[in-house]
Colleague: 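Pasting a structure below so you can have a look.
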Number of protein chains: 2
Amino acid sequence: MQDKINDILKKNHLSITEARKKILALFWESGNAMAHGDIEQKSSEEFDRVTIYRTLQTFVEKGIIHTIPTADNSVRYALCKDECGAGHHHDDHVHFICDDCGTTYCIDEVNVPKVKLPKGFKAAQTDLVISGTCNKCEQ
Amino acid sequence: MQDKINDILKKNHLSITEARKKILALFWESGNAMAHGDIEQKSSEEFDRVTIYRTLQTFVEKGIIHTIPTADNSVRYALCKDECGAGHHHDDHVHFICDDCGTTYCIDEVNVPKVKLPKGFKAAQTDLVISGTCNKCEQ
DNA sequence: AATATTTTGCAACAAAGTTGCATTGTTGTA
DNA sequence: TACAACAATGCAACTTTGTTGCAAAATATT
Ligand SMILES: [Mn+2]
Ligand SMILES: [Mn+2]
Ligand SMILES: [Zn+2]
Ligand SMILES: [Zn+2]
C-alpha cells in the first residue's frame, strides 16, 4: 500500500513528502469522498491547514483526485481512476451524498448520461450529484 | 412586476419587506442564477449580509428559489417554477455554469435523466451541473 | 391606532480559504 | 555520502463566507 502511494506520486512527478503520503493514504483507507475538514480531522492536525489546501489543489491538478460539487459549500474530494491525468479528468460516474450521515460516495457503476445542450453551449465537465439516503442509513 | 412579487410573497405567507421585494426583483431582472455575493453587489449593500443570507434561506424553504451546487464554494440560487412549494422542490432541469463569464443558467428545456442507483440508495434530489462555455462566450 | 409578531441590523464570532516569506525537507548530482 | 538546487511546509496575517443572539425597527393583526 505504501508502495502504491509512492508510485502514484512518482508517476505524477511529485516529490514524496509526509503530507502527501498521509493524505493519499487517507483517501485510500476511507474509500469515500472527503471534505477538507474531514482530512484535517483524520490527520489529527498533523499538518497545517494551508498544507492540506495546497496538497488537495496539487492532487486535483495532477488528476489524482477529483472534486464533487455540493449545495452546502463544502466541496468533497475523491480518488480518480487511472484514466485521469494532469489537466484531464475523466470521472464520469454519479456521486451520492447521504443527507443522514453525510457520506459522499462515488457510484462507479453508474455513468453520467450524455445530455444535449442548446445551441452554443459547449460542455467541458458534467456532474451528476444525487442526495438522499444511503444504503447504510436506510432502515 | 411589483405586483407579481407581492403576490409571490403573499402566496407563501411571508411578510412583505423591502429586502424580500428587492432580492426577488433582482432574481426576476437578472434571469440567471446568482450567488450570495452577486446579490450583495447588485443590491449595492442596501441590506446587511445577514439579511441576505436569511432571505435566501427563507426563499429556499418556501420553494421560491432553488440551489445549484458548485465545485467552487459558492452555491448559486435561481427562481423556481410554479410547481415548487414549501418543502417540495421539483426543479429537474439541467444547470450550466460558464467557465469564462461565470454565468449560471437554468436550462429549462433539458430535463435531468433518471438514473438507477445501487440497492439501498434512495434519491431525494438529483442535480446535473454542466460546466463549459456558454453561447455568449463561444467565438 | 395600538398591540403582537416578524424581520432587520449590529456585534461578535466561527469557519473557510488565500498569500508572502523564512525554514525545512526532498531530489538529483558530484 | 555530501552538497547544492529546488520544492514543500509552517507560520502569520489577512480576506471571505457563514452563523448566532439580541435590541431596534418594520410589518401584520386587531
Ligand atoms: Mn467520484
Ligand atoms: Mn435552475
Ligand atoms: Zn448515510
Ligand atoms: Zn459565458
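Convention: sequence-line order gives letters A, B, ...; per-chain numbering from 1.
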Colleague: One character per nucleotide, please: for nucleotides 1-11 of chain D, 5' to 3', B when the base has a protein heavy atom closer than 4.0 Å, S when only the sugar-phosphate does, - otherwise.
Modeller: ------SSBBB
Colleague: Quick check on DNA chain C: between Arg49(A) and Ile16(A), whose nearest nucleotide comes earlier from the 5' end?
Modeller: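 Its nearest nucleotide lies further toward 5', so the answer is Arg49(A).
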Colleague: Taking side chain as C-beta onward, heavy atoms only, is Pro113(B) less than 4.5 Å from Leu128(B)?
Modeller: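 SC-SC contact between Pro113(B) and Leu128(B) confirmed.
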Colleague: Do Ile8(B) and Ile52(B) share a hydrophobic cluster, counting only Ile, Leu, Val, Met, Phe, Trp and Tyr and linking them when any side-chain heavy atoms are less than 4.5 Å apart?
Modeller: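 Linked, Ile8(B) and Ile52(B) end up in one cluster.
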Colleague: Ile130(B) and Val110(A): same hydrophobic cluster, using ILVMFWY side-chain contacts below 4.5 Å?
Modeller: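 Yes, because Ile130(B) and Val110(A) connect within a single hydrophobic cluster, where side-chain heavy atoms sit under 4.5 Å apart.
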Colleague: When you look at His66(A) and His93(A), which way does the side-chain contact (heavy atoms from CB on, under 4.5 Å) test go after all the steps?
Modeller: CA-CA 11 Å; His66(A) 60 275; His93(A) 53 271; 3.5 Å; yes
Colleague: If you take the centroid of each ring, where Trp contributes its six-membered ring, are Tyr105(B) and Phe121(A) closer together than 6.0 Å?
Modeller: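 Distance test on ring centres: under 6.0 Å, yes.
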Colleague: Kindly say if Asn73(A) contacts the phosphate of dG18(D), meaning a side-chain N or O under 4.0 Å from OP1 or OP2.
Modeller: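 Result: yes.
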Colleague: If you draw a 6.0 Å radius around NZ in Lys21(A), do more than 12 non-hydrogen atoms from other residues or ligands fall strictly inside?
Modeller: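 Counting other residues, nucleotides and ligands, NZ of Lys21(A) exceeds 12 neighbours.
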Colleague: What pair of heavy atoms forms the shortest contact from Arg76(A) to Ser74(A), and how long is it?
Modeller: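 That closest heavy-atom pairing would be NE-O, 3.0 Å.
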Colleague: Could you report the tightest heavy-atom contact between Lys81(B) and Asp91(B), atom names first, then the distance?
Modeller: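 In terms of heavy atoms, the two residues are closest at N-OD1, 4.1 Å.
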Colleague: Under 4.0 Å from any heavy atom of chain A: name the first and the last nucleotide of DNA chain C that qualifies, 5' to 3'.
Modeller: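 Listed 5' to 3', the contact boundaries are dA16(C) to dT27(C).
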